[in-house]
Structure formats: structure tokens, C-alpha cells
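Notes to accompany the following structure.
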Number of protein chains: 2
Amino acid sequence: MSNHPPRSTIADVARHAGVSKATVSRFLNHRDTLLSPEIARRVEAAIEALSYTPSPMARALKRGRSRLIGLVVADITNPYSVAVLSGAEQACRQAGYLMMLFNLGNERERESVGLQVLSTYQVEGFILNTMGLEQGAVLTPALRGRPVVLVDRLHQGLDVDFVSLDNRQAVDACLDHLMAAGYRDFLFVSEPLGAVSSRIERIRAYETRLAALGAPATGWWIEAGAGDPAGLARALRDLRAGARRPPAVIAGNGVVTMRIVAAVAELGWRLGPDIGLIGIDDTPWAPYVGPGISAVAQPTDALGSLAAQCLIERIGGLAVPARTIRLPGTLMARGSTRLEP
Amino acid sequence: MSNHPPRSTIADVARHAGVSKATVSRFLNHRDTLLSPEIARRVEAAIEALSYTPSPMARALKRGRSRLIGLVVADITNPYSVAVLSGAEQACRQAGYLMMLFNLGNERERESVGLQVLSTYQVEGFILNTMGLEQGAVLTPALRGRPVVLVDRLHQGLDVDFVSLDNRQAVDACLDHLMAAGYRDFLFVSEPLGAVSSRIERIRAYETRLAALGAPATGWWIEAGAGDPAGLARALRDLRAGARRPPAVIAGNGVVTMRIVAAVAELGWRLGPDIGLIGIDDTPWAPYVGPGISAVAQPTDALGSLAAQCLIERIGGLAVPARTIRLPGTLMARGSTRLEP
DNA sequence: TTGTAAGCGTTATCAC
DNA sequence: GTGATAACGCTTACAA
């Protein structure tokens with residue numbers, strides 16, 4: 001249990017350099033202001049000698065700023081969230097911020113608690129990737145006026161920067177690809193819509209595009225939760241039964257893609273010839289499942305780092321109206337959307 | 001830009017309740033000590049009325065404790081790390097700790113920087129899941145005497161609690177399963193060993209078990225990095241060429257499993273009949289890749305939460321010798337280890 | 001150009 | 001039992 005020497009404080013540095021604490025502080029924070037080179041040198045040497053690092057805690061207490069960014073995620077277990085997190089974390093680090101993580105573990109009600117806790121630690125801003133369940137109004141007080149950026153999911157009544165996939169483009173890419181591949185009958189499968197804006201947007205985009213396609217194409221959509229795999233299989237069977245030729249399914253996200261793959265395996269169908277499948281969200285496994293699963297890959301890293309950048313700009317005081325950034329997905333065509341075996 | 005009312009402080013509460021700050025503080029921290037019920041009630045009411053929450057920053061400054069736990073991960077992008085992180089985060093939360101995340105992004109040299117930064121924020125302890133590259137000696141000063149628990153990977157000269165998969169059991173399970181399935185010629189594929197203890201342990205376990213198996217079984221092992229997919233394919237071809245019957249591959253972790261799957265796809269072989277495959281680390285996709293990929297699943301959640309629990313005990317002052325916790329993996333037998341198609 | 005001193009929100013050590 | 005008061009490590013008026 002070796003007792004470590006306490007970290008050196010600004011007072012130690014001051015003493016070592018034979019100056020006052022104020023001078024050291026000045027050296028640290030306002031190197032630009034007048035400061036005799038001689039003294040500066042001494043302070044610098046002292047800092048070096050004592051390997052002094054300012055305490056962010058004390059700083060935060062005094063200035064109200066903490067160099068901390070709070071990240072609230074619906075479910076850290078979701079690879080999409082992690083991918084975004086990873087991009088954001090990198091950007092934060094580069095800007096000298098540290099990330100404080102609060103995972104909701106899919107307990108939606110914990111969202112305002114999360115914000116509260118994080119504000120209590122004086123985080124300077126929030127990146128939110130949650131269910132969007134709680135209205136902006138209930139969240140706002142917990143935010144305590146700190147800037148926020150939303151990723152992938154909007155909150156009603158929270159008029160802040162928003163970074164997300166261009167859902168229209170992504171869904172259009174799916175449908176156009178399927179049409180080009182020869183499919184004509186479609187089913188869009190989404191996780192339960194709830195209040196999750198991205199899910200809703202994707203359904204809307206699907207309906208819109210379908211309508212534009214006109215007569216030759218037919219399409220429905222369903223919600224499929226984790227609870228009812230049999231229901232999903234049934235829906236697929238109905239779909240195929242009602243179609244003139246092999247139909248195609250669009251999966252609203254990576255989780256749904258998995259469920260559909262499972263259901264299709266269960267049914268003993270071949271992906272591609274028996275039923276087309278394309279999903280939003282690409283995964284490392286996609287190329288190796290069956291004939292390869294077609295997908296629209298999200299630029300997750302870019303989404304995360306843009307979110308962080310937006311937030312950091314806001315923290316820096318940028319005062320423009322709320323921005324919306326939409327990034328396009330990129331189509332990865334694989335065997336699951338080839339009619340010919 | 002609505003300016004929010006500043007959060008209420010202990011002074012506000014004291015004023016509101018007509019008592020001194022000290023009394024409020026006592027109510028908060030030593031409710032057990034003498035405290036007239038009447039006053040207690042007033043303080044409680046005031047806290048409620050002002051919806052006061054103590055500032056962890058100020059507390060940390062004063063007491064040196066912060067209710068923060070620092071997590072350093074080699075690569076947040078690795079699903080294994082995330083799974084562990086998720087378990088740990090949950091346990092921390094339940095114990096009233098918040099998680100501060102530092103991602104190395106696979107830049108090994110940043111490890112001591114990470115510790116430094118986190119200690120600067122007064123984290124009360126560390127959970128480390130890093131490359132184990134830096135020796136304990138160089139890390140120790142950055143730890144500043146705070147407790148640490150290592151997950152999955154040991155550090156030379158860091159004699160602390162350690163939580164990990166029972167690598168021997170896991171590797172034995174792989175080999176025994178393969179033997180039972182009729183395979184006799186083996187190849188263990190690992191990521192580059194470096195100083196990563198888990199990789200080394202698994203190789204050792206493999207060699208040991210192989211030796212115990214004796215004459216009928218033959219086996220080699222190789223390191224395969226991300227850089228040389230062709231090399232991996234070549235190794236597989238050699239393996240199969242040199243074997244009397246279909247050989248089997250054991251993948252040292254999930255990443256390697258992916259690479260092998262890719263290589264086998266490239267070669268146009270059927271998993272199972274042409275070449276057996278079992279990997280350490282299970283993934284949601286494994287059942288749907290080819291005939292299903294056999295795997296030994298790690299109890300990641302348990303690993304994470306145990307790590308957190310150990311750490312929290314240490315923070316609480318527990319002073320027993322360094323503990324090692326080994327959790328068994330569980331075999332998931334699937335088509336990739338069935339010789340008959 | 002530098003130093004003194006007050007204060008950020010707590011907790012702990014005294015007195016009373 | 002409760003209340004001043006002095007830290008904790010830092011920043012920032014205000015003096016000098």
C-alpha cells in the first residue's frame with residue numbers, strides 16, 4: 001500500500017518558482033498577457049520539475065467549465081451507438097475534452113436522470129442518442145442551458161443541432177436497388193416506431209418513394225419487436241404468398257436485419273432467389289451471411305465526429321440557429337438482392 | 001439563450017432552512033450522528049424545495065473522492081470490449097459511480113496518458129482493458145495509488161485484481177469438441193501475440209492440450225494480423241493439403257474468426273465438411289454465417305460487472321492480496337464443426 | 001508586470 | 001446539537 005506523494009498543486013509550483021499562485025495561473029491561462037520572460041521561464045521550469053498538471057476539478061469549480069462532454073446512449077450494446085460513440089470520442093479527445101458516458105441500458109425513463117447526473121459533473125455539453133421518448137420540455141431543465149446535439153434521433157420540442165443519416169436517400173437507395181434487381185413487391189420491417197424519429201422518417205421515406213414508383217410496385221410495412229419472431233416469419237410467408245414473384249424486404253436497421261435473417265433461415269428460404277433482403281446499417285459479418293447481405297452503410301464515424309464538432313462549436317459560443325446535418329449512406333450490393341442464384 | 005437559474009448550493013439550502021451550512025452537510029453525510037429531528041426535517045424540506053443536489057466537483061475537491069471510475073479500453077470498436085464495458089457500466093451505476101471513458105483507439109502508447117488524464121479527474125479507480133504493452137512499472141506512477149482491475153489482459157509487474165475468461169477451459173472445450181466431431185488436424189490462429197496475455201495463454205493452453213491428446217492429433221499455430229489476408233488463405237491451404245482428412249481451425253478471438261470466414265469464402269470451401277472452424281467469442285451473427293459458426297461464448301457481462309465489483313470493493317478499502325477470477329466460456333456447437341454436410 | 005485576497009461548493013475541526 | 005471557520009486547488013478582480 002505504498003502511499004503516493006500528493007499531486008503537486010499550483011501553490012507548490014508557485015513556491016518552487018518563487019512567485020505567487022496568481023502568476024502561475026496567469027502563465028497557464030493567459031500566456032499572451034504581459035509576463036516577463038524571466039518569470040515565465042522560472043514558472044515553466046517549476047511546472048516541469050514538479051510535473052504539475054492543473055486539477056480540472058478545481059478549475060471546474062471555479063470557472064464552471066470542466067472540459068467534459070456528456071454522452072447519453074440508449075443502449076451501449078447496439079453497435080450503431082458504439083460506432084457513433086467511437087467517432088465522437090475521437091473528436092472530443094482531439095479537442096481536449098473527455099467523454100463521460102451514461103448508458104440508459106434501454107430504460108428510457110432514465111434519460112432525464114442521466115442528464116441530471118451529468119450536469120452535476122459540470123459537463124459542458126451533451127451528445128444524445130436516446131429513444132427520443134421524453135419530450136424536449138421535460139429534458140430542458142436538466143440541460144441547464146448547456147448545448148446539446150442529437151444524433152440519429154430527434155426530440156420533440158428540442159430545437160438543437162441534429163446529425164443523422166439522410167434517411168430519404170438511404171431508403172431510396174434501397175428501393176431503387178431492389179427495383180433494378182428486379183424485385184417488385186416490398187415489405188419494410190422496422191423496430192417498433194415509438195417516438196423514434198429515425199424509424200418514422202424511414203417509413204415515411206419508404207411510403208413516399210413507393211408512391212412515386214407507381215403501379216408496378218407494391219409495398220407494406222410492419223413493426224417487428226424482439227418479442228415475436230414467429231410473427232415476423234408469418235409476415236414473410238404472407239408476403240411471399242401474395243406476391244407474383246419473389247418479394248424483397250427492407251430492414252430498418254441492423255438489429256432488424258438480424259431478425260429477418262433468422263426468420264428466413266427458419267423458413268428454409270434462400271436469400272436472393274426466394275426473398276430479397278437489404279438493410280440499413282452494414283456490419284462486418286454481412287458479406288458472409290448466406291450469399292452476403294446487401295446493405296446501406298451509415299457513415300457512423302463521420303456522424304459521431306460531426307456531432308462532437310457541432311457541440312464543441314456551440315460550447316465555444318457559436319450562436320447560429322439549430323443546424324441539421326444529413327450524411328448519405330453508401331450502398332453495398334451483395335447476394336441477398338440477386339434474384340438469380 | 002434562456003439563462004438558467006444557477007443550481008442551488010448548500011448555502012442556499014442552509015439559508016432556506018434557517019441553519020448553517022455545516023448542519024446541512026451533516027444531514028447529508030452523517031445522518032447517523034446527533035441531529036435533532038426538527039432540524040433534520042427542516043433541512044430535508046429545504047433540500048426538497050430547492051431540489052438541491054450536492055456538487056460532486058466540490059466534493060471531489062474537498063474529499064478527494066469523486067464517485068468516478070475510469071475505464072481505459074484498447075479499442076472501443078471491438079465488440080468484446082464493449083460487451084465488457086456494458087457489464088461494468090451497469091455495475092458501476094448501481095453502486096452510484098459514473099464511468100469516465102478513455103479510448104486508446106489502438107494507440108498503445110496513449111495508455112499512460114489516459115491514466116494520467118483520468119487521475120487528474122480524481123477517478124477513484126481504474127478498469128483496464130488494454131494491450132498490456134506498457135509494463136506495470138511505467139503505469140504505476142500514473143495510477144497514483146488508486147486501485148485497478150485488469151480485464152482479459154495482464155500487465156507485467158502490475159499485481160492487481162484480474163478478471164478474465166478461463167482460457168484453458170475455453171481452449172480445451174474447443175479441442176475436445178473438435179476431436180469429438182472427428183477432426184484430428186488442427187491450426188490455432190491468433191492475432192499477433194505481442195504482449196497480450198490472453199493471446200499467449202490461449203496458445204499455451206492449445207499446445208498443452210494438444211500434447212495431452214497425443215499421437216492421433218496434430219497441430220500448429222500461427223499469428224495472423226489484419227495486414228495479410230492472402231497469407232492466412234495460404235496457411236489454410238497448406239493445412240488442408242497436409243492433412244489426411246478435413247482439418248479444423250480454432251480462432252483465437254472474434255476478429256480472427258471473421259478473417260477465417262473471409263478466407264474460407266475466398267477459397268470456396270464449405271465450413272464443416274471441408275474445414276472445421278470454431279472460435280473463441282460468440283457473436284449474434286454466428287448462427288447465420290454458412291452452416292453456423294461454432295464458438296465458445298464469453299460471459300462478457302459477468303466479466304464486466306465482476307471487474308466493477310472488485311474495483312468497488314477495493315475502493316471501499318478491501319485489502320486482500322490480488323485476486324484472479326476466471327469465468328468459464330460456454331460452447332455453442334454449430335454447423336462449422338460438423339464433418340457431415 | 002506581479003502579488004494579495006476573495007470565492008467557487010464542499011467537508012471537517014473546532015468551539016459554543 | 002449546532003454554528004463559525006478554515007481548508008481543498010484553482011481563477012480573477014483589484015492593488016501595488
Side-chain angles (χ1 to χ4, degrees), chain A residues 5-44 46-47 50-68 116-117 119-124 144, chain B residues 4-44 46-47 50-68 117 119-124 144:
Chain A
R7 3 177 348 196
S8 42
T9 75
I10 201 172
D12 299 330
V13 176
R15 199 172 318 115
H16 191 100
V19 299
S20 76
K21 294 194 300 175
T23 302
V24 178
S25 178
R26 253 176 233 122
F27 175 84
L28 258 25
N29 305 297
H30 314 280
R31 202 167 311 203
D32 45 323
T33 66
L34 305 321
L35 194 64
S36 72
E38 163 56 12
I39 295 261
R41 204 173 315 112
R42 269 170 33 211
V43 172
E44 188 155 27
I47 289 179
L50 302 177
S51 65
Y52 162 77
T53 338
S55 149
M57 290 293 195
R59 269 181 137 123
L61 190 58
K62 184 68 197 166
R63 301 207 283 200
R65 292 192 276 126
S66 61
R67 307 253 86 190
L68 246 30
Q116 212 101 35
V117 172
S119 334
T120 245
Y121 276 95
Q122 304 276 40
V123 301
E124 299 187 34
R144 316 212 99 266
Chain B
H4 284 253
R7 7 179 344 206
S8 43
T9 75
I10 200 173
D12 300 329
V13 175
R15 200 172 318 114
H16 191 100
V19 299
S20 76
K21 294 194 299 175
T23 301
V24 178
S25 178
R26 248 179 240 120
F27 175 83
L28 259 25
N29 306 298
H30 312 282
R31 204 166 309 202
D32 46 323
T33 67
L34 306 321
L35 194 63
S36 71
E38 162 56 13
I39 295 260
R41 207 172 312 113
R42 267 164 43 204
V43 172
E44 189 155 25
I47 289 179
L50 302 176
S51 64
Y52 162 78
T53 338
S55 150
M57 290 295 195
R59 267 162 125 110
L61 187 58
K62 184 64 195 165
R63 302 209 281 200
R65 293 194 273 127
S66 60
R67 307 253 86 189
L68 247 29
V117 171
S119 21
T120 246
Y121 277 94
Q122 305 273 43
V123 301
E124 299 186 33
R144 316 211 99 267

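These figures come from a predicted structure and were not determined experimentally. Letters A, B, ... are given to chains in the order of the sequence lines, protein chains preceding strands, and every chain is numbered from 1.
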Task: Phosphate contact (C/dT11 OP1 or OP2) by B/Ser25 side-chain N/O below 4.0 Å - done: yes

Open item on the list: Determine whether a donor-acceptor pair (one donor, one acceptor, N or O, separation below 3.5 Å) exists between the side chain of B/Lys21 and the base of C/dT10.
Closed with: yes

- [ ] Flag the pair A/Arg41 and A/Glu44 as a salt bridge only when some basic side-chain nitrogen lies within less than 4.0 angstrom of an acidic carboxylate oxygen.
- [x] no

- [ ] Could you tell me the separation between the CG atom of A/Asp32 and the C1' atom of C/dT1, rounded to a whole number of Å?
- [x] 14 Å

Task: Whole angstrom value for the distance that separates P of D/dG1 from CZ of B/Phe27 - done: 17 Å

Open item on the list: Heavy-atom nearest nucleotide on DNA chain D for B/Ala58 versus A/Arg26: which residue maps closer to 5'?
Closed with: B/Ala58

- [ ] Send over the distance from B/His30 NE2 to C/dT10 P, rounded to a whole Å.
- [x] 14 Å

TODO: Look at all strands and tell whether B/Thr53 reaches a base, only sugar-phosphate, or nothing, counting heavy atoms closer than 4.0 Å.
DONE: sugar-phosphate

- [ ] Quick one: closest heavy-atom pair of B/Arg59 and B/Pro54, and the distance?
- [x] NH1-CB, 2.7 Å

TODO: Please answer whether the main-chain N or O of B/Arg26 pairs with a side-chain N or O of B/Asn29 as donor and acceptor at a distance below 3.5 Å.
DONE: no

Task: Earlier contact from the 5' end, DNA chain D, for B/Pro37 and A/Leu61 - done: B/Pro37

Task: Nucleotide D/dT11, atom P - distance to CZ of A/Arg65 in whole Å - done: 10 Å

Open item on the list: Quick check on D/dT2: is either OP1 or OP2 less than 4.0 Å from any side-chain nitrogen or oxygen of B/Ser20?
Closed with: no

Task: Atom pair distance, as rounded to whole Å: CZ in A/Arg59 and C1' in D/dC8 - done: 16 Å

TODO: Report the residue (B/Asn29 or A/Thr23) whose heavy-atom-nearest nucleotide on DNA chain C is the more 5′ of the two.
DONE: A/Thr23

Task: Any B/Thr9 side-chain nitrogen or oxygen under 4.0 Å from OP1 or OP2 of C/dG9 - done: no

TODO: Give, for atom CZ of A/Arg67 and atom CD of A/Gln122, the distance between the pair rounded to the nearest 0.5 Å.
DONE: 14.0 Å

Open item on the list: For the backbone of B/Leu50 and the side chain of B/Ser8, can you confirm whether one donor and one acceptor N or O come within less than 3.5 Å of each other?
Closed with: yes

Open item on the list: Is the phosphate of C/dT2 approached by A/Ser36 (side-chain N or O, under 4.0 Å from OP1 or OP2)?
Closed with: yes

TODO: Write down the distance between CE (A/Met57) and P (C/dG7), rounded to a whole number of angstrom.
DONE: 24 Å

Open item on the list: Need one value for A/Leu35: base, sugar-phosphate or nothing, where a base atom within 4.0 Å counts as base even if backbone is also close, heavy atoms only.
Closed with: sugar-phosphate

Open item on the list: Less than 4.0 angstrom between a side-chain N/O of A/Ser55 and OP1 or OP2 of D/dC8, yes or no?
Closed with: no

TODO: Would you mind reading off the distance between A/Arg63 atom CZ and C/dG9 atom C1', rounded to a whole angstrom?
DONE: 17 Å

Task: Donor-acceptor contact present, side-chain B/Arg42 to main-chain B/Ala17, <3.5 Å - done: yes

Open item on the list: Base of D/dG9, side chain of A/Lys62 - is there a donor-acceptor contact under 3.5 Å?
Closed with: no

Open item on the list: Looking at B/Tyr121, I'd like to know whether one of its side-chain N or O atoms comes within less than 4.0 Å of OP1 or OP2 on D/dG9.
Closed with: no

- [ ] Would you state whether a donor and an acceptor, one from the side chain of B/Arg7 and one from the base of C/dG9, lie under 3.5 Å apart?
- [x] no

Open item on the list: Rounded to whole Å, please give me the gap between CZ in B/Arg15 and P in D/dT2.
Closed with: 20 Å

